[in-house]
Structure formats: structure tokens, C-alpha cells
Amino acid sequence: MRQGLRISRSLIISVISVSMALVVVVVLLNVNRKYSSKTPTRILKSMFDISLKDFDYTVKSFEENWLPNGDGECEIIFEFKGLSPENIRYLETKNVKRLPMPVAIRKHFSVPNNGYFIYDTLPGGLPNYAVFIIDTDNNTALLRCEMF
């Protein structure tokens with residue numbers, strides 16, 4: 001009787017250990033997926049619901065600086081091989097406006113002469129913002145967000 005009890009105790013301990021190891025693995029995989037899925041196009045999609053799937057582009061630079069408390073900034077520069085009329089029509093359906101920007105926004109950025117922009121304040125109000133500026137003369141775009 002005692003021997004059967006020892007087997008079941010060791011079996012229970014083994015099952016609990018394996019279960020805990022599986023939970024740790026699942027949590028680590030979810031954390032890794034959450035932070036590794038922050039690609040430039042996904043950030044743009046999450047900020048403004050703009051997809052670049054039909055654009056011919058490269059990411060020229062991608063910089064993020066975040067503090068553990070969530071404060072920080074992100075800057076992404078896209079370079080387009082050209083912007084087609086279809087690309088421009090798509091952007092206009094996403095509430096992107098033709099330049100010039102309002103002066104209150106423009107004073108914080110180097111803004112091109114021709115292009116489009118979309119701007120939004122993020123939760124918490126100013127100075128938390130996101131802006132996407134498309135320069136049609138140079139076929140580039142800047143996505144910038146700050147949260148403090």
C-alpha cells in the first residue's frame with residue numbers, strides 16, 4: 001500500500017513539474033511573439049490602419065527607444081520605388097490629407113513641399129502623438145510616434 005502511494009506521489013510531482021514547464025514555455029513564446037511582431041508595416045497598420053501591401057517600398061530606417069514604463073519614441077522611414085495613382089487613392093481613403101500641415105503640427109517636423117500626411121494624438125493627449133508624412137517629390141515617408 002505504501003509503495004503504491006509513493007508511485008502516485010512521484011507521478012503527481014512529475015505531472016506538476018511538466019505542467020509548470022509547459023506553462024513557462026507558452027508564456028515565453030507569447031512574450032516573444034508580442035515583441036518580435038513589431039515590424040514597421042505592423043506599426044503603421046496599428047497606428048493608422050494603413051497597409052503598404054500594394055506599395056513597392058523598402059524600409060530605409062527603423063528606430064525605437066522605449067523605457068520600461070512605456071515612454072519612448074519610434075521613427076520609421078519608408079522609401080518608395082514610386083507612388084502610383086492607385087497608391088495615392090488608397091491613402092486618401094485612409095483619411096490622409098494633402099500637405100500643407102497645420103502650423104501647430106508642422107513646426108515640429110521637416111515637412112516636404114508636396115505630399116500627404118495623417119496625424120493623431122495618442123491616449124494621454126499631447127505630447128503623445130503619431131504622424132505619417134508622405135513626401136511625393138522624394139518618394140519617401142516618415143512615421144513618427146512619441147509617448148511620454
Side-chain angles (χ1 to χ4, degrees), residues 9-148:
R9 273 189 191 169
S10 64
L11 181 62
I12 290 171
I13 291 171
S14 297
V15 167
I16 290 173
S17 298
V18 168
S19 298
M20 288 176 62
L22 286 173
V23 167
V24 168
V25 167
V26 167
V27 167
L28 289 175
L29 286 174
N30 282 334
V31 166
N32 184 41
R33 186 172 0 141
K34 179 181 177 184
Y35 291 105
S36 67
S37 65
K38 290 175 67 176
T39 65
T41 52
R42 286 186 181 165
I43 293 170
L44 178 61
K45 180 81 170 158
S46 71
M47 293 286 177
F48 295 113
D49 192 33
I50 294 174
S51 170
L52 297 180
K53 68 179 176 121
D54 293 329
F55 289 69
D56 190 4
Y57 72 96
T58 58
V59 176
K60 188 173 179 181
S61 70
F62 176 27
E63 296 179 26
E64 288 185 297
N65 297 307
W66 299 103
L67 299 174
N69 68 355
D71 289 354
E73 59 190 353
C74 171
E75 183 173 290
I76 304 166
I77 298 176
F78 298 94
E79 199 167 63
F80 300 104
K81 301 225 181 343
L83 291 167
S84 69
E86 293 82 20
N87 294 147
I88 300 299
R89 278 195 292 280
Y90 168 75
L91 291 170
E92 289 171 341
T93 67
K94 295 298 184 176
N95 205 26
V96 174
K97 306 287 186 228
R98 184 171 278 289
L99 289 171
M101 295 175 129
V103 174
I105 302 169
R106 186 176 57 227
K107 67 182 180 181
H108 299 288
F109 306 101
S110 172
V111 180
N113 292 325
N114 296 306
Y116 297 84
F117 78 98
I118 186 169
Y119 179 88
D120 195 12
T121 55
L122 300 176
L126 291 173
N128 301 326
Y129 71 88
V131 64
F132 185 54
I133 304 169
I134 302 106
D135 180 346
T136 54
D137 290 337
N138 296 309
N139 289 321
T140 59
L142 166 71
L143 173 62
R144 178 150 181 80
C145 60
E146 288 187 10
M147 295 179 67
F148 293 100

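Starting from 1, each residue takes its place in the sequence as its number.
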- Is the number of heavy atoms from other residues, nucleotides or ligands under 6.0 Å of Lys94 NZ greater than 12? yes
- In terms of heavy-atom contacts, Cys74 and Phe62 come closest through SG-CE1, 4.1 Å
- Message: To check you understand the geometry: which heavy-atom pair defines the closest contact between Asn87 and Asp54, and what is its length?
- Response: ND2-O, 3.3 Å
- Pairwise distance CD1(Ile118) to NZ(Lys97) - rounded to 0.5 angstrom: 7.5 Å
- Query: For the residue pair Asn114 and Leu99, what are the closest heavy atoms and their distance?
  - Reply: C-CD1, 3.7 Å
- Message: In the structure I gave you, are the side-chain heavy atoms of Thr140 and Glu79 within less than 4.5 Å of one another anywhere?
- Response: yes
- From OG1 (Thr41) to NZ (Lys53), nearest 0.5 Å: 12.5 Å
- Task: Output the distance between atom CG (Leu143) and atom CE (Met47), rounded to the nearest 0.5 Å.
- Result: 6.5 Å
- Note on the structure: Rounded to the nearest 0.5 angstrom, the CD1-CD distance for Ile76 and Glu63 is 10.5 Å
- Item | Nearest-0.5 Å distance, OH of residue Tyr57 to NZ of residue Lys81 | 10.5 Å
- Considering all heavy atoms of both residues, which atom of Pro112 and which atom of Ile133 are nearest to each other, and what is their separation? CD-CG2, 3.7 Å
- Identify the residue among Glu64, Arg144, Glu146 that makes a side chain to side chain contact (heavy atoms under 4.5 Å, CB included) with Glu75. Arg144
- Leu83 and Ile134 have their tightest heavy-atom pair at CD1-CG2, 3.8 Å
- Message: Within this structure, what is the CG-CG distance for the pair Asn128 and Asp120, rounded to the nearest 0.5 Å?
- Response: 11.0 Å
- Query: Between Tyr90 and Ser51, is there a donor-acceptor pair closer than 3.5 Å when you use the side chain of the first and the backbone of the second?
  - Reply: yes
- Task: On the 0 to 90° scale, with breaks at 30° and 60°, tag the Phe80-Phe55 ring pair as parallel, tilted or perpendicular.
- Result: tilted
- Query: Between Lys38 (side chain) and Ile43 (backbone), is there a donor-acceptor pair under 3.5 Å?
  - Reply: no
- Message: Apply side-chain contact (heavy atoms from CB on, under 4.5 Å) to residues Tyr116 and Glu92 and explain how you reach the verdict.
- Response: CA-CA 9 Å; Tyr116 297 84; Glu92 289 171 341; 3.5 Å; yes
- Glu86/Arg89 salt bridge by N-O under 4.0 Å criterion: yes
- Item | Under 3.5 Å: donor-acceptor pair, side chain of Asp135, backbone of Ala141 | no
